[in-house]
Structure formats: C-alpha cells, structure tokens
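What you see below is based on every heavy atom in this structure, not just the backbone, and it leaves out hydrogens, waters and symmetry mates. Note that the coordinates shown come from a computational prediction; the quantities given were computed from them, not determined experimentally.
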Amino acid sequence: MKKIYRPDEIEPKWQKKWETDKIYQVKDTTDKKKFYCLDMFPYPSGAGLHVGHVEGYTATDVYSRYMRASGYNVLHPMGWDAFGLPAENYAIKEKIHPKETTQKAIEKFKSQIKRTGLSYDWSREIDTSSPEYYKWTQWLFLLLFKNGLAYRKKAPVNWCPSCRTVLANEQVIKSEDKNVCERCGTEVVKKELEQWFFKITEYADRLLQDLSKIDWPQSTKQGQRNWIGRSDGAIISFKIDGSSEFVEVFTTRADTLFGATYLVLSPEHPAVLKVTKKEYAKEVEKYKEGAAKKSEIQRSAVEKEKSGVFTGSYAINPANDEKIPVWIADYVLMGYGTGAIMAVPAHDERDYLFAVKYKLPIKKVIKKEGNDSEVVYCDEEGVLENSGKYNGLNSELAREKIVRDLEKEGNARSEVTYKLRDWLISRQRYWGAPIPIIYCPHCAHFEDEGGCCGGECGCDHGGSCEGCYDTTEIDGVRYAIVPVPVEDLPVKLPVDVDFKPTGESPLMRSKDFQANVKCPKCGAIKGVKREVDTMDTFVDSSWYFFRFCDPHNDKEFASKEKMQKFLPVDMYMGGAEHTVLHLLYSRFLTKVLFDLGFTHFDEPFMKLRHQGLVLAGDSQKMSKRWGNIINPDDVISAFGADTMRTYEMFIGPIEATKAWSTQGVEGVRRFYNRVWSLSLDAIERGLKVSEKNVLKMVHKLIKKVGSDIEELKFNTAVSAMMEFSNFWKENKDLVGLDSLKLFVEVMAPFAPHIAEEIWEMAGEKYSVTTASWPEYDDGLIAEDEVTVVVSVNGKVRDRVKFTLGEIKDKELVKSRVLSSEKMREIISARNVKDFIYVEGKIVNIVLE
RNA sequence: GCCGGGAUGGCGGAAUGGCAGACGCGAUGGGCUUAGAACCCAUUGGGGUUUCAAAAACCCCGUGGGAGUUCAAAUCUCCCUCCCGGCACCA
C-alpha cells in the first residue's frame with residue numbers, strides 16, 4: 001500500500017523541526033552578499049490573517065527562499081505594528097486592556113503565519129508597542145525636535161469626532177465627496193488646535209527628486225508626486241491703491257498677467273481686514289463668517305458654485321498700472337500659495353465662472369487659433385496679445401520675461417509651492433508612544449526676558465538665542481517646551497489608565513504619568529507637566545525596517561555596522577493603500593537619519609511591489625458584511641499550506657486584482673497529489689539517471705522557474721512546474737532520481753513541506769530548505785533540431801525542421817523551404833517578392 | 001477635470017514585434033465503480049470546405065472599436081469607447 005499525501009501530517013511535522021533547528025535564522029556574521037526582503041508588517045487585529053496577507057507574504061517567502069538558495073544572506077523578518085486605534089476602540093467596547101487584545105491578536109497571527117510555513121527569522125520579531133521599541137520611536141522624535149524638524153504649532157487641523165483625535169492630512173480621505181477619517185469613516189471637522197508637527201515639507205523637493213532613484217510601481221510614484229504637488233510659478237506683488245499695503249499672489253501663469261481683471265483674497269487672508277473699505281465691512285464680515293462655518297466639503301461642493309464679495313479696494317497691476325477690484329471668495333484657499341490670486345477669467349475656468357457671475361471684465365491675452373467664438377475660456381498656452389511689449393511671445397518665454405522684468409522693480413520672484421503639508425503627529429489617544437516632552441512653567445521666563453540664558457539652559461546659542469526654549473501656552477499659563485533627556489527614555493505608557501476617549505488625552509487622567517514630573521533643565525517639580533498626547537502610529541511604522549537589523553540593541557536604534565550589513569531594503573512588498581502614508585513618511589525619516597549621519601542610504605526601499613487585492617469568489621471585496629471571507633486556517637485544514645501558497649501564486653500576476661476560486665485551489669491540490677504519487681513511483685523504480693529528454697525538460701524548468709521568480713512572475717513559474725508534471729506523467733519510466741531531486745529543489749520555495757518530505761523519502765540529506773538552487777546546463781537545454789515556421793504573406797503555412805548547424809545558413813534554409821511540395825503548390829506561378837528569415841524562428845515569404 | 005493602470009475563449013490567465021489562447025478551472029463524452037466521490041483517457045475560440053459518416057486534412061475569421069507603421073501587430077503609433085485606482089476650486 002502506497003503512502004498517501006497527507007499535508008495535515010507532514011506540514012506540522014516539518015514546521016516543528018524547522019523551528020527547533022532555527023533553520024531560518026539569519027546571521028549577521030557572514031561574508032555572503034546581503035538581501036533584505038521585507039513585508040509591510042501587519043496591524044495585528046482580532047480578525048486574524050486573511051488571504052490577502054498570505055498572498056504578499058508567500059510572494060516574499062518564495063523570493064526569500066530562492067535568494068537564500070542562490071547564496072544570499074537573506075534578512076526576512078516579521079513584526080507587529082501593534083499600537084493603534086482599532087485595539088483601543090475594541091478595548092473601550094469590551095473593557096479589555098488594549099495590551100491584552102493586542103497580545104492575543106499577535107499570538108493568533110503568529111500561529112497562522114507559522115502554519116503557512118513562512119520562513120521568517122523569529123529571533124528578530126519586533127512589537128512597536130513594547131517599551132524596548134518605542135523608546136527608539138521617542139528617541140527619533142527627540143532627534144527631530146533637536147534639529148528643528150519637530151515643532152508645535154497652532155493650526156486648523158482635522159478632527160475626527162468619533163475617534164476623538166486629530167489626524168494627519170494623509171489620514172483624511174475622500175468618500176462620496178466628504179472628507180472622512182481613514183480609520184472609521186466619520187466625517188472630519190476642522191479645529192484650531194496647537195499640535196506637534198514633523199517638518200516633512202522641508203524635504204518636499206528631495207522626496208520628489210529621489211523617486212527617480214527607486215524601482216517602484218509607476219502609479220505609486222505618481223501618487224507621491226501628486227501628493228507632494230510641486231508647482232513652479234511666481235509670486236507677484238500688487239499694490240493696494242491709496243494704501244501702502246501690498247498683496248502677494250501666487251501664479252503659475254505669469255504670462256497672463258495682463259489679463260488679470262481682479263484680485264481675490266481667501267476669506268481668512270490677514271490682509272482682508274486692512275483692505276476692506278468701511279462701506280463694505282459689514283458684507284465682508286458676513287461673508288467671512290459664512291465661509292468659516294462652511295466645512296471644507298461644502299466649500300468644495302460638487303457644483304462648484306462660486307461666491308464672493310467686493311472689498312471696496314483696488315489693486316494696481318504692476319505690469320500695466322491698471323486698477324483692478326479686490327474681492328474675497330472662498331474658492332481661494334488660504335492653505336495654498338499665498339492665499340491670494342490674480343484672477344484671469346479669459347484663461348482660467350474658475351475665474352471665468354466667477355467673473356460671469358459678478359459681471360467682472362474678461363480680457364483675452366493669449367491668441368487662440370481658429371474659431372474662438374464658442375470658446376468661453378482657454379487655459380492652454382499660446383502666443384500673447386493685448387500684453388504691451390510682450391505681444392507675440394509664447395507663454396513660456398513671456399512668463400520668464402515678465403517675472404524677470406518685475407523682479408527688477410521688486411514686484412515679483414520665482415516661487416515653487418507644494419501641496420504637501422507638515423505631518424501632524426499628535427494624537428489625543430491612549431494606545432501609542434507618549435511624546436517625550438515636558439512643559440515647565442519656570443523655564444519659560446528666559447524667552448520673556450527676550451534674550452538668551454547664556455548657556456545656562458545648556459543651549460549652544462552663545463548669547464543671543466531667540467528663546468532657547470520655545471514656549472507654549474496651556475490653559476493660560478506659559479510653559480517652556482523641554483525635551484525629555486535621552487537617558488530617561490522610554491517615557492513609559494502607564495498601564496492603569498482610563499482610556500475612554502473624551503477629546504482630552506487619556507494620559508491627562510493618569511496620576512502615575514503626571515506624578516512628580518521633574519523639569520530636566522531646572523529640576524522644578526511644581527507645575528511641571530508631561531505632554532499627554534501620543535504619537536501617530538505611522539511614526540512607529542516609518543522606521544521599523546531599521547530595527548530589524550539590530551532588534552535587541554539597547555544603546556542605539558540600530559548600530560551602523562548592522563545597518564551596513566542589511567540596509568537598505570532590497571525588496572518590499574505590501575498593499576497599495578500606503579502610497580502617501582507609510583511609504584512617504586518612511587522616505588522622509590530615512591532622509592532625516594541620512595542627513596544627520598546615522599545611515600549610509602537615503603532611500604529605504606529600493607524595489608517595491610504591491611500585491612493585488614484578493615476578492616471573494618463572487619468578485620466582491622471580502623467583508624464580514626457579505627459573509628464571503630476566506631479564512632486561511634480553513635484553506636490549510638482542507639487543502640494544506642503548500643496548496644494554499646501555490647494557489648495564491650498561481651491565481652494571476654502578483655499585482656493584479658484576482659478573485660478566489662475554491663475549484664482553482666482544488667486544481668493545485670490535484671497537482672501536488674500527482675507530484676506525490678509520481679515521486680513515490682520514481683523512488684520505487686529507483687532509476688539513477690534520467691533519459692536525455694527528461695533531463696532537458698528538467699533543466700529547462702530550472703531556468704524558467706528561476707528567472708520567473710526573479711521577475712516576480714510566480715504564476716508562470718507554477719504553470720511551468722505543472723507542465724513538467726504533465727510531461728513526467730507521460731514519461732514515468734524515463735524519470736530518474738536525479739531529475740526528481742532537481743524538481744524537488746525547484747518546487748521547494750513554493751511548497752517547502754511536501755518538498756522536504758519527498759526529499760527525505762528520496763534519501764537526500766536534510767534539508768531541502770538549505771540546499772542550493774540547482775544550476776541548469778545550457779548544453780542540455782539546447783535543441784539539436786529546430787523547427788522553423790514558414791509563413792506566406794504573414795500566414796502560417798508550413799513547418800520545416802533544421803539541425804542547429806543548418807539554421808545559420810540562410811541560403812540553405814531558403815532553398816529547402818521553397819522546394820517543399822507544399823510551398824511549391826502555394827507559390828505555384830506567383831513571384832516571390834521577398835524572403836525574410838529570422839534565424840531559427842520564422843520565415844516569411846512575401847508574394848506579389 | 002487631471003494623472004496612472006487596464007480590456008485576450010464559458011472563467012482566471014499565457015504570449016511584449018515572429019505559430020494567439022501555455023497552465024489551471026469549468027464543460028462535454030468515455031473508462032473504473034453496485035453507485036457516487038476520487039482518479040484516469042479524450043475533446044473543448046467561432047465559422048467553413050472535402051466526406052454517407054467519422055477520423056483527418058485544408059481554408060477563412062478572431063486579442064474592446066477605428067485608422068496607421070511593418071515582410072510580420074494582442075504587442076509599436078494616433079483617435080475613440082468602456083472599466084479599475086489615485087488626486088481634484090492647488091491658482
């Protein structure tokens with residue numbers, strides 16, 4: 001009786017052995033070439049792993065196993081993005097501490113990952129919610145703070161009323177024309193609050209430029225470009241008539257300056273008060289109030305109805321001294337450019353609509369060819385008209401010239417603006433890393449006195465520092481912002497906290513956290529407070545890939561030596577939803593660390609790929625609501641981990657959206673059943689050396705699977721293995737143990753368990769997972785006979801066989817092809833106009 | 001509106017200038033079986049010609065639609081349609 005393929009028996013058996021033998025532990029003391037293969041680490045939720053995770057993780061696992069077998073020292077770690085709102089929200093609902101639920105979720109994820117047979121080095125596991133980790137998150141914060149890249153600022157920020165916390169711009173998403181919280185879908189509101197920011201805008205240009213250095217999907221790069229939103233233009237000053245005030249506008253179309261027929265200020269613009277004439281004050285004030293009440297959403301309503309009011313003032317166009325009215329309107333946003341624009345209704349759609357509504361003049365300054373009677377506005381570039389001495393120039397030239405001319409009078413300068421805003425990292429929530437800052441009311445006096453403490457505070461400004469401490473006002477009291485000394489880190493997150501969100505940070509209510517806080521500078525205790533906000537969890541996840549190199553270091557976030565050994569990440573796999581969140585923040589922090597001399601690289605992820613969505617069998621998104629979730633545990637129980645892994649690789653290209661098919665899974669299982677029985681058969685036969693044709697096929701397979709894995713074309717790699725098994729089935733008695741061994745080595749990255757079992761049954765030495773990738777023999781692969789396809793006028797008509805020597809000889813090929821009976825018949829009396837021969841491939845005979 | 005990615009049998013997909021539909025699923029017919037499952041074998045893009053019929057051979061059409069480049073186009077270029085994703089009053 002032959003042994004039956006039982007994945008439920010062999011898989012746990014080998015998993016246990018591999019774990020005991022620590023077979024996947026990566027050494028940092030080896031001269032092998034490094035390869036860092038990383039998955040986006042998961043947020044451990046109670047729901048456990050889903051098949052989407054499995055897809056990405058299997059892809060990197062196959063890749064890692066292949067690279068390991070190819071002689072690389074592969075760092076392939078896993079960890080947990082464990083801080084965050086869902087755990088906290090769940091904790092509030094179920095009254096269980098987030099630490100507990102998170103630990104449970106981690107255990108579940110880990111066991112599921114282990115059941116899948118993924119080859120992670122668990123000795124490097126990290127957990128962002130552990131003090132050993134967040135100590136370094138806090139250290140990073142202090143590093144940014146000390147270098148002027150973390151600062152406190154009062155600003156209108158996004159507030160999620162349901163999560164009761166502020167959010168970064170990147171965490172606010174559009175949904176049905178509403179701005180909603182990325183986490184919970186609640187509509188966000190604007191609040192004026194003082195918060196902590198990271199100065200990511202300082203890196204805007206480099207974040208844009210360096211995209212050219214990295215191998216990322218086009219769409220992701222483009223997404224970052226859009227988000228950074230660089231726009232090259234000019235700032236032009238308009239004098240207010242009868243006043244000493246100037247208003248600066250930002251424009252990318254300085255060439256249309258002569259067409260500016262009015263000026264618009266954003267309602268929040270500080271100059272509004274100064275330019276508004278008495279008679280108009282009431283109207284303006286009313287409009288401002290109305291605009292302030294309107295949410296962002298209403299202001300950017302779909303119909304885009306324009307509204308505004310006249311201020312009573314006029315501005316003088318610096319190009320031609322024309323007087324143009326100054327309006328305020330909410331279609332001009334304070335947050336972009338200078339918060340003021342010159343309106344050119346002839347060449348901008350929004351200005352056009354506004355001008356029509358309020359009967360403002362429209363002046364054409366770009367010539368339009370052809371019929372322009374129908375065209376109401378045209379934003380294309382062209383040749384200037386009605387523009388004085390600039391007439392006849394094209395837009396590009398005119399723009400340069402106009403700005404240069406105005407610059408001489410001090411009325412213009414070239415300017416680059418960005419859509420990117422600084423990263424708001426404060427969160428009024430419990431389950432995150434505390435911001436390591438202390439507020440001291442005693443140290444605040446230095447700034448009051450207007451001079452420097454003279455070094456007393458430890459500052460190096462040497463006599464004239466402008467407030468060696470920045471200060472902030474909390475509840476009417478002025479505090480100095482004092483960083484926690486690095487040696488006092490971590491600022492531990494207290495466990496015993498009422499973490500119910502009230503809009504006030506839960507840490508405020510922790511007695512432990514606030515008890516006996518000593519100012520690190522002056523030593524005072526009375527009135528000294530800790531910062532009670534925690535950091536955005538995206539701060540945790542923006543540097544975790546550093547920590548994997550050196551996860552247990554308690555002196556540094558990672559040692560230079562270890563970083564040299566593994567970083568940067570060579571291959572990074574994860575979902576596309578992180579285009580402007582995690583992936584942008586990580587690049588930013590890497591550049592900061594590079595600039596400050598901590599790292600040797602300034603881009604963290606050299607190659608990035610996104611695994612596509614796995615949809616349910618009904619082509620819907622998997623969701624609890626539809627009850628169509630495929631659980632990896634069930635798939636493993638029914639078919640085995642090897643089948644699940646291979647199926648997910650086979651289903652389609654890694655980046656494509658694909659639908660799950662249980663019948664498809666069964667097909668892969670059939671494949672392994674067949675491989676199993678064919679292997680037993682080959683072992684029983686015990687043929688030592690395979691027939692030549694078999695060897696040719698197996699060597700072809702090695703080549704194909706290897707190159708497919710390198711190109712991440714896992715689906716065609718699997719189909720190549722299937723093709724081989726079909727060939728094998730038809731040539732059972734010709735397949736020897738030598739071929740079996742090679743086939744198992746090729747299969748191992750996809751299906752390590754069955755590979756290990758067959759490997760053992762075939763009498764090979766443990767373990768196939770440490771065997772090296774077989775080399776293929778080009779000589780064996782080479783065909784000794786080549787079939788050349790013969791087409792006539794592009795249509796296939798015949799096939800002729802040639803030997804390897806013959807195919808090089810065009811004349812011989814030609815005469816042989818033309819003399820075949822079939823060709824003579826087809827050609828008959830017609831003339832051969834041309835004879836094209838692609839060596840060893842195809843012939844095309846062109847007939848008249 | 002702007003940007004990015006797509007459209008190939010009944011389905012997932014393969015082929016990146018040179019034999020369209022690899023591989024898998026499904027379907028149909030057959031074998032095995034008391035029966036079913038499993039398994040095994042065969043067929044499987046559409047249309048046509050030859051034939052009593054079948055096998056087989058051959059021919060034509062065919063990669064969202066239209067044009068173009070080329071000896072040769074699913075693949076390159078232009079135009080159009082539709083689908084997916086991102087951004088969007090960004091001056």
B:rG26 and B:rC80: how far apart are their P atoms, nearest whole angstrom? 43 Å

NZ or CZ of A:R587 within 45° of A:W227 ring axis and under 6.0 Å: no

Between B:rG4, B:rA88, B:rG18, spot the one nearest the side chain of A:K419, thanks. B:rA88

With P as the reference atom in both, quote the distance from B:rC25 to B:rC41 in angstrom, rounded to an integer. 12 Å

Parallel, tilted or perpendicular: which fits the ring planes of A:F727 and A:F724, with parallel below 30° and perpendicular above 60°? tilted

Among B:rA91, B:rA20, B:rC87, find the nucleotide with the atom closest to the side chain of A:T251. B:rA91

Go ahead and name the base partner of B:rU43; Watson-Crick or wobble counts if both distances stay under 3.5 Å, otherwise write none. B:rA27

Separation of A:I845 atom CD1 from B:rA72 atom P, in whole Å? 14 Å

Selection from B:rC23, B:rC89, B:rA91 that lies nearest to any side-chain heavy atom of A:I341: B:rA91

Which is more 5' along RNA chain B, the nucleotide nearest A:V843 or the one nearest A:D351? Just name the residue. A:V843

Would you measure the distance from the P atom in B:rU77 across to the matching atom in B:rG17 and give it in whole Å? 12 Å

Should B:rA56 form a Watson-Crick or G-U wobble pair with both distances under 3.5 Å, which nucleotide is its partner? B:rU50

Within 45° of the ring axis of A:F354 and under 6.0 Å from its six-membered ring centre, is that where the NZ or CZ of A:K306 lies? no

C1' spacing across the pair B:rU34 / B:rU28, given as an integer number of angstrom: 25 Å

Tell me whether A:Y647 contacts the main-chain N or O of A:S661 through its side chain, where contact means a donor paired with an acceptor under 3.5 Å. yes

Nucleotide opposite B:rG21 in a Watson-Crick or G-U pair, distances under 3.5 Å: none

Using atom C1' in both nucleotides, what's the gap between B:rC83 and B:rU8 to the nearest angstrom? 15 Å

Using Watson-Crick or G-U wobble geometry with both distances below 3.5 Å, tell me the partner of B:rG62, or none. none

Which nucleotide in the set B:rG18, B:rC89, B:rA91 lies at the smallest distance from any side-chain heavy atom of A:I842? B:rG18

Have a look at A:P217 and say if it touches a base, only the backbone sugar-phosphate, or nothing, with a 4.0 Å heavy-atom cut-off. nothing

Applying the 3.5 Å cut-off to both distances, the Watson-Crick or G-U partner of B:rG4 turns out to be B:rC84

Separation between the P atoms of B:rU43 and B:rA22, rounded to whole Å: 13 Å

Measuring only the P atom in each nucleotide, how far is B:rG65 from B:rU81? A whole number of Å is fine. 15 Å

Residues within residues 713-730 of chain A bordering RNA chain B, heavy-atom distance below 4.0 Å: A:K713, A:N715, A:T716, A:S719, A:M722, A:E723, A:N726, A:K729

Output the rounded distance in Å from CG (A:L584) to P (B:rC87). 13 Å

Counting only Watson-Crick pairs (N1-N3 plus N6-O4 or O6-N4) and G-U wobbles (N1-O2, O6-N3), all under 3.5 Å, who is the partner of B:rU70? none

